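Nothing fancy with the numbering, it's 1 onward along the sequence. As the structure is a computational prediction, the values presented were derived from the model and not from experiment.
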Amino acid sequence: KYYNLADAIVTTAPYAFEYMEEMYGIDSKKVYHIPHGIDIEEFDRNANLSEEVLDESLRNVLNDYFCVTYTGSLSKSEGLPTFIQAAKYLQDKSDIMLVIVGGGSEEEKLKSLIEAENLTNVVMIPVQPRYTIPLILRKSKILFCGLIDRKVFKYGISKNKFYDYMAARRPIVFASNVRDSLIDKAGAGITTKSGDPKQLANAIRFIYNNMDTVGKRYGANGRLYVEKNHTTRAIAEQFMKVIESC
């Protein structure tokens with residue numbers, strides 16, 4: 001009912017118009033895709049804070065290891081067991097540490113998995129203040145994002161995490177079968193299959209071995225992409241165009 005009454009429909013999922021056409025007969029011409037955005041000036045201010053604002057144990061890990069980092073909710077949808085299991089295939093690299101920063105419903109399960117696999121190259125850090133996240137990302141070497149398989153992902157996604165990661169100028173490894181990976185589109189990293197820890201580990205190893213070339217290029221591409229398409233100014237301009245078209 002509300003879809004039909006609307007003059008325009010805004011969605012963060014790039015292919016949501018297909019769902020609306022299939023389910024409700026909505027004219028796709030009035031459906032607009034506008035993704036999430038980021039206040040990049042605020043991000044940069046926080047990314048350049050003194051490292052003294054960080055939890056001491058986290059600061060030591062970030063300084064002492066080549067950190068492949070996840071920040072965010074420890075929920076089932078994030079595919080974190082795959083990330084943890086990838087550590088089994090990286091144990092020959094004593095300087096690589098997989099870092100999980102956050103809290104959530106899967107926390108105890110993830111800790112149990114680390115213990116069961118006897119993994120010493122994974123560390124879990126409790127939830128940190130939001131303003132410290134840009135600094136944590138900047139001090140990491142590679143950033144991880146994952147998603148389990150879900151039918152709804154055929155319509156695409158928009159995750160705030162993507163834009164934080166890209167703004168940090170760090171290469172991204174994205175473990176997901178989601179349609180049209182933004183990480184690939186931006187040239188910001190490597191997308192691997194959801195639920196495939198060995199492939200994920202190989203992607204991490206590839207960037208690790210080519211950090212000064214491929215890694216830097218992925219990081220630069222991500223930053224350029226988010227500056228062009230996902231700042232709050234860019235998102236506001238897209239909204240204004242939609243409003244003016246009605």
Side-chain angles (χ1 to χ4, degrees), residues 14 35-41 43-44 46-48 61-63 65-72 78-80 82-87 89-90 92-93 95-102 121-122 133-147 153 156-231 234:
H36 294 102
I38 180 174
D39 184 335
I40 206 159
E41 289 81 11
F43 182 95
D44 287 343
N46 290 332
N48 290 297
V61 170
L62 291 171
N63 286 334
Y65 292 92
F66 182 102
C67 290
V68 185
T69 302
Y70 169 88
T71 60
E78 300 299 322
L80 289 167
T82 300
F83 184 51
I84 290 172
Q85 290 163 348
Y89 303 99
L90 296 166
D92 60 307
K93 298 295 184 182
D95 59 330
I96 294 180
M97 183 67 70
L98 274 56
V99 182
I100 299 173
V101 181
N121 57 343
V122 185
I133 298 301
L135 179 57
I136 294 168
L137 300 180
R138 183 178 66 78
K139 288 182 68 63
S140 301
K141 301 299 185 184
I142 298 173
L143 304 175
F144 169 78
C145 183
L147 286 172
F153 291 156
I157 60 167
S158 175
K159 284 179 73 70
N160 284 319
K161 191 184 310 300
F162 286 160
Y163 315 120
D164 285 349
Y165 281 13
M166 289 182 186
R169 290 190 177 91
R170 293 294 178 264
I172 301 164
V173 178
F174 180 37
S176 172
N177 299 330
V178 71
R179 181 178 176 183
D180 285 354
S181 163
L182 183 65
I183 305 308
D184 290 344
K185 183 178 180 181
I190 299 173
T191 300
T192 66
K193 292 180 182 178
S194 175
D196 190 333
K198 190 170 185 179
Q199 189 184 48
L200 174 57
N202 287 339
I204 291 170
R205 187 183 297 272
F206 173 75
I207 297 175
Y208 170 88
N209 288 333
N210 298 278
M211 193 65 188
D212 290 337
T213 53
V214 176
K216 284 184 177 179
R217 184 167 72 247
Y218 285 152
N221 288 348
R223 175 68 186 210
L224 182 63
Y225 191 89
V226 82
E227 286 178 353
K228 182 178 180 181
N229 299 289
H230 294 284
T231 62

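Judged by distance alone, with hydrogens and angles left aside, the side-chain atoms of Arg205 form no donor-acceptor pair with the main-chain N or O of Lys93 at under 3.5 Å. Between the side chain of Arg170 and the backbone N or O of Arg138, at least one donor-acceptor pair lies under 3.5 Å. Between the side chain of Arg223 and the backbone N or O of Ala167, at least one donor-acceptor pair lies under 3.5 Å. Side-chain N or O atoms of Asn46 include none that pairs as donor or acceptor with a backbone N or O of Pro134 at under 3.5 Å. At distances below 3.5 Å, at least one donor-acceptor pair connects side-chain atoms of Gln199 with backbone N or O atoms of Lys193.
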inquiry  = side-chain contact (heavy atoms from CB on, under 4.5 Å), that's the test. Do Phe66 and Met211 meet it? Break it down for me.
reply    = CA-CA 11 Å; Phe66 182 102; Met211 193 65 188; 4.0 Å; yes
Run the side chain to side chain donor-acceptor pair (under 3.5 Å) test on Thr191 and Asp184 for me, step by step, so that the C-alpha distance in whole Å, both residues' side-chain angles and the decisive distance to 0.1 Å come before the verdict. CA-CA 7 Å; Thr191 300; Asp184 290 344; 3.1 Å; yes
Given side chain to side chain donor-acceptor pair (under 3.5 Å), test Tyr208 with Asp95 step by step and report yes or no. CA-CA 10 Å; Tyr208 170 88; Asp95 59 330; 2.9 Å; yes
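Among the candidates Leu80, Val99, Thr71, the single residue satisfying the side-chain contact (heavy atoms from CB on, under 4.5 Å) test with Phe144 is Leu80.
Contact of the Ile96 side chain with the Leu98 side chain is registered, since non-hydrogen atoms from C-beta on lie closer than 4.5 Å. In this structure, Met166 and Ile38 have side chains that are not in contact, with every pair of non-hydrogen atoms separated by 4.5 Å or more. Pro171 places none of its side-chain heavy atoms less than 4.5 Å from the side chain of Val214. By the 4.5 Å heavy-atom criterion applied to side chains, Tyr218 and Ile190 are counted as neighbours. The shortest side-chain heavy-atom distance between Tyr225 and Lys185 falls under the 4.5 Å cut-off.
The aromatic ring centroids of Tyr70 and Phe83 lie 6.0 Å or more from each other.
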